[in-house]
A.B. asks: 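Here it is: the structure, laid out below.
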Amino acid sequence: MSLSNWPLKKANSKAYNIKSTKQITIPDGLWVKCFDCGLLMYSKVLKRNLKVCPQCSYHFQASSNERIDQLIDQGSWEPMDAHLISTDPLGFKDQKLYSQRLKDTAVKTGLQDAVQTGVGRMDGQKVYLGIMDFRFMGGSMGSVVGEKLTRLVEKATQERLPAIIICASGGARMQEGMLSLMQMAKISSALEMHKKENLLYISVLTSPTTGGVTASFAMLGDLIIAEPKALIAFAGRRVIEQTIKEDLPDNFQSSEYLFEHGFLDLIVPRTQLRSKLIQILYLHTNND
């Protein structure tokens with residue numbers, strides 16, 4: 001190599017090294033790590049498997065929109081009472097005003113409140129469906145959640161159709177005080193009228209289902225179904241242990257523990273939930 005060509009080769013070498021050390025930016029959300037087994041998977045693979053880990057069957061939280069897509073026949077969903085929004089009757093404030101928290105959460109999630117209700121079809125069978133969404137203030141039950149679920153059940157009773165509620169909640173919404181607690185009685189009353197007409201109500205418990213939701217409509221189903229390893233409880237584990245002064249089993253408040261002790265009828269993986277619900281609906285229809 002001639003001395004005149006040496007500087008050019010050196011410059012090309014430096015340029016190559018700069019290019020080779022450049023970091024590649026991977027878009028957020030492209031890869032997902034399982035919280036249970038640690039499997040790193042492509043997000044689209046997880047979505048195709050209904051957000052269930054293909055290796056250990058860990059159930060990731062699913063949004064209400066995802067639940068509708070998973071359960072309802074395509075194009076058959078008709079939402080109900082989507083215009084209802086929560087107000088701030090108590091003027092509640094913690095780190096921020098409750099009214100502002102509602103606005104911020106609505107913008108973040110694209111939802112008006114913590115439940116979507118509507119009517120749709122499962123394999124052609126018409127059914128009224130309510131789906132709670134944990135992304136909206138922990139799926140907490142306020143006045144709007146109670147009103148929408150009550151209207152759902154009343155409409156199902158009026159049309160003599162089955163009702164299904166997918167539960168995912170941290171309980172009653174503290175920002176609405178007694179008003180949120182009264183929703184327990186309101187929904188339960190509507191379900192009692194539904195039951196008197198010999199109509200089917202199915203409760204599906206996902207993780208977590210806790211507090212006032214567990215203490216009311218979540219446990220009033222003619223059939224109570226839960227996803228595997230779901231957290232289902234009323235009070236927190238630590239509160240119970242401090243109250244009774246005893247240690248609780250490791251799997252206490254899991255769907256498997258509750259099934260073993262007779263609180264649940266079925267534990268159904270999310271990948272089989274639609275087919276199981278369709279089977280139950282057909283059995284109920286044929287026995288009418």
A.B. asks: Backbone N or O of Leu102 within a donor-acceptor pair of the Thr105 side chain at under 3.5 Å?
C.D. replies: no
A.B. asks: Could you state the interatomic distance from CG (Leu231) to OG (Ser207), rounded to the nearest 0.5 Å?
C.D. replies: 5.0 Å
A.B. asks: Main chain of Ile232, side chain of Thr210: is a donor-acceptor contact present, judged purely on distance under 3.5 Å?
C.D. replies: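 Checked: no pair found.
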A.B. asks: Should Val127 and Leu266 be regarded as members of a common hydrophobic cluster, given that ILVMFWY residues are connected when their side-chain heavy atoms come within less than 4.5 Å of each other, either directly or indirectly?
C.D. replies: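 Both belong to a single hydrophobic cluster.
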A.B. asks: In terms of side-chain geometry, is the basic nitrogen of Asp73 or Arg274 positioned less than 4.0 Å from the acidic oxygen of its partner?
C.D. replies: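 Answer for the salt bridge query: yes.
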A.B. asks: Rounded to the nearest 0.5 Å, what separation is found between the CG atom of Leu97 and the NZ atom of Lys103?
C.D. replies: 9.0 Å
A.B. asks: Near Asp94 CG, under 6.0 Å, is it more than 12 heavy atoms from other residues, nucleotides or ligands?
C.D. replies: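 Check passes, neighbour count above 12.
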A.B. asks: Would you indicate whether the side-chain heavy atoms of Lys44 and Leu30 approach each other to under 4.5 Å?
C.D. replies: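 Side-chain contact under 4.5 Å: no.
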A.B. asks: Rounded to the nearest 0.5 Å, how far does CE of Met122 lie from CD1 of Ile278?
C.D. replies: 7.0 Å
A.B. asks: Quiz question: by atom type and distance under 3.5 Å, do the side chains of Gln55 and Asp36 form a donor-acceptor pair?
C.D. replies: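 On atom types as modelled, these side chains do not qualify, holding no pair under 3.5 Å.
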A.B. asks: Determine, step by step, whether Met80 and Leu152 satisfy the side-chain contact (heavy atoms from CB on, under 4.5 Å) criterion, reporting the C-alpha distance in whole Å, the side-chain angles of both residues, the deciding distance to 0.1 Å, and the verdict.
C.D. replies: CA-CA 8 Å; Met80 293 174 54; Leu152 177 86; 4.1 Å; yes
A.B. asks: Quickly, which of Glu159, His194, Met193 forms a side chain to side chain contact (heavy atoms under 4.5 Å, CB included) with Leu199? Name it, please.
C.D. replies: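 When side chain to side chain contact (heavy atoms under 4.5 Å, CB included) is applied between Leu199 and each of Glu159, His194, Met193, only His194 qualifies.
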A.B. asks: Side-chain heavy atoms under 4.5 angstrom apart, residues restricted to Ile, Leu, Val, Met, Phe, Trp, Tyr: same cluster for Leu273 and Ile267?
C.D. replies: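 No: no chain of side-chain contacts under 4.5 Å links Leu273 to Ile267.
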A.B. asks: Can you confirm whether Leu71 sits close enough to Ile166 that some side-chain heavy atom of one is under 4.5 Å from a side-chain heavy atom of the other?
C.D. replies: yes
A.B. asks: So Pro228 and Tyr58, do their side chains get closer than 4.5 Å, heavy atoms only?
C.D. replies: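 SC-SC contact between Tyr58 and Pro228 ruled out.
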A.B. asks: State, with a plain yes or no, whether a side-chain heavy atom of Val119 is found less than 4.5 Å away from one of Leu129.
C.D. replies: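 With C-beta onward as the side chain, the pair stays apart.
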A.B. asks: Write down the atom of Leu111, the atom of Phe136, and the distance for their closest heavy-atom approach.
C.D. replies: O-CE1, 3.5 Å
A.B. asks: Is the shortest distance from a Lys or Arg side-chain nitrogen in Lys47 or Glu66 to a carboxylate oxygen in the other one below 4.0 Å?
C.D. replies: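 Between Glu66 and Lys47 there is no salt bridge, as every charged N stays at least 4.0 Å from the carboxylate O atoms.
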A.B. asks: Checking the side chain of Asn65 only, and the main-chain atoms of Asp69 only, is there a donor and an acceptor separated by less than 3.5 Å?
C.D. replies: no
A.B. asks: If every non-hydrogen atom of Ile240 is compared with every non-hydrogen atom of Ala235, which pair is closest and at what distance?
C.D. replies: CD1-O, 3.8 Å
A.B. asks: Can you tell me how the ring of Phe60 sits relative to the ring of Phe35, calling it parallel under 30°, perpendicular over 60° and tilted otherwise?
C.D. replies: tilted
A.B. asks: Could you tell me whether a side-chain N or O of Ser188 sits under 3.5 Å from a main-chain N or O of Ser216, the two making a donor and an acceptor?
C.D. replies: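 Side chain of Ser188 to backbone of Ser216: no pair is present.
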A.B. asks: Can you list the steps and then say if Gln279 with Gln272 is a side-chain contact (heavy atoms from CB on, under 4.5 Å)?
C.D. replies: CA-CA 11 Å; Gln279 182 184 19; Gln272 302 173 21; over 6 Å; no
A.B. asks: Can you establish whether the number of heavy atoms outside Leu90 located under 6.0 Å from its atom CG is more than 12?
C.D. replies: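 Buried by this count: over 12 neighbours within 6.0 Å.
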A.B. asks: State the OH-CD1 distance between Tyr128 and Ile164, to the nearest 0.5 angstrom.
C.D. replies: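 Answer rounded to 0.5 Å: 13.0 Å.
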A.B. asks: For a side chain to side chain contact (heavy atoms under 4.5 Å, CB included) with Lys186, tell me which candidate from Met184, Gln183, Met182 qualifies.
C.D. replies: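 Result for side chain to side chain contact (heavy atoms under 4.5 Å, CB included) with Lys186: Gln183.
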A.B. asks: Hydrophobic clusters here meaning ILVMFWY residues chained together by side-chain heavy-atom distances under 4.5 Å, can you tell me if Val32 and Leu50 are in one?
C.D. replies: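 Shared cluster, no.
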A.B. asks: Donor-acceptor pair, Glu256 side chain versus Lys229 backbone, under 3.5 Å?
C.D. replies: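 It does hold such a pair.
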A.B. asks: Return yes if some donor-acceptor pair links the side-chain N/O of Asp113 with the main-chain N/O of Val145 below 3.5 Å, else return no.
C.D. replies: no
A.B. asks: Is a donor on one side and an acceptor on the other found under 3.5 Å between the side chain of Ser140 and the backbone of Ala172?
C.D. replies: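 Checking the backbone N and O of Ala172 against the side chain of Ser140, no donor-acceptor pair under 3.5 Å is found.
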A.B. asks: Looking only at side chains, do Glu176 and Ser143 share a donor and an acceptor under 3.5 Å apart?
C.D. replies: yes
A.B. asks: Looking at Gln61 and Pro208, what are the two nearest heavy atoms and their distance?
C.D. replies: NE2-CD, 3.6 Å
A.B. asks: Is Glu227 close to Pro269 at the side-chain level, that is, under 4.5 Å between some pair of heavy atoms?
C.D. replies: no
A.B. asks: With a 4.5 Å heavy-atom cut-off, do Ile202 and Leu277 have their side chains touching?
C.D. replies: yes
A.B. asks: I need the Ser255 OG to Ile225 CD1 distance, nearest 0.5 Å.
C.D. replies: 12.0 Å
A.B. asks: Would Ser180 and Arg173 count as having a side-chain donor-acceptor pair, cut-off 3.5 Å?
C.D. replies: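 No pair is found: no donor N or O on one side chain lies under 3.5 Å from an acceptor on the other.
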A.B. asks: Minimum heavy-atom separation for Ser99 and Asp88, please, with both atom names.
C.D. replies: N-OD2, 3.7 Å
A.B. asks: When the aromatic ring centroids of Phe259 and Tyr257 are compared, is their separation below 6.0 Å?
C.D. replies: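 Distance test on ring centres: not under 6.0 Å, no.
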A.B. asks: With a 4.5 Å cut-off on side-chain heavy-atom distances among I, L, V, M, F, W and Y, is there a chain of contacts connecting Leu149 to Ile131?
C.D. replies: no
A.B. asks: Look only at the side chain of Ser76 and the backbone of Arg121, and say whether a donor-acceptor pair between them is shorter than 3.5 Å.
C.D. replies: yes
A.B. asks: Between Gln175 and Met137, does a side-chain contact (heavy atoms from CB on, under 4.5 Å) hold up when you go through it step by step?
C.D. replies: CA-CA 11 Å; Gln175 289 89 344; Met137 296 187 66; 3.5 Å; yes
A.B. asks: Compute whether any side-chain donor of one residue and acceptor of the other, for Asp133 and Ser63, lie under 3.5 angstrom apart.
C.D. replies: no
A.B. asks: Taking all heavy atoms of Val115 and all of Gly130, pick out the closest pair and write down the distance.
C.D. replies: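 The pair with the smallest heavy-atom distance is CG2-C, 4.5 Å.
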A.B. asks: Please name the pair of heavy atoms, one in Lys126 and one in Pro162, separated by the smallest distance, quoted to 0.1 Å.
C.D. replies: O-CD, 3.9 Å
A.B. asks: Do any N or O atoms from the side chain of Ser203 and from the backbone of Met219 form a donor-acceptor pair under 3.5 angstrom?
C.D. replies: no
A.B. asks: Could you tell me whether the side chain of Cys56 reaches within less than 4.5 Å of the side chain of Leu39, counting heavy atoms only?
C.D. replies: no
A.B. asks: Would you say that more than 12 heavy atoms from the other residues, nucleotides or ligands in this model lie under 6.0 Å from the NZ of Lys96, or not?
C.D. replies: yes
A.B. asks: Do any N or O atoms from the side chain of Arg270 and from the backbone of Val52 form a donor-acceptor pair under 3.5 angstrom?
C.D. replies: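 Side chain of Arg270 to backbone of Val52: no pair is present.
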A.B. asks: Walk me through it: do Leu248 and Arg237 pass the test side-chain contact (heavy atoms from CB on, under 4.5 Å)?
C.D. replies: CA-CA 8 Å; Leu248 299 170; Arg237 181 190 185 95; 3.9 Å; yes
A.B. asks: May I ask you to decide whether Asp81 forms a salt bridge with Arg151, counting only side-chain N to carboxylate O separations under 4.0 Å?
C.D. replies: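 Looking at Asp81 and Arg151, the cut-off is met.
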A.B. asks: For atom OH of Tyr282, decide whether the heavy atoms of other residues, nucleotides or ligands shown that lie under 6.0 angstrom number more than 12.
C.D. replies: yes
A.B. asks: Measure the spacing between NE2 of His261 and CZ of Phe252 and express it to the nearest 0.5 Å.
C.D. replies: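 Atom-to-atom, His261:NE2 and Phe252:CZ are 9.0 Å apart.
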A.B. asks: Are Ile187 and Met132 linked, directly or through other ILVMFWY residues, by side chains that come within less than 4.5 angstrom of each other?
C.D. replies: yes
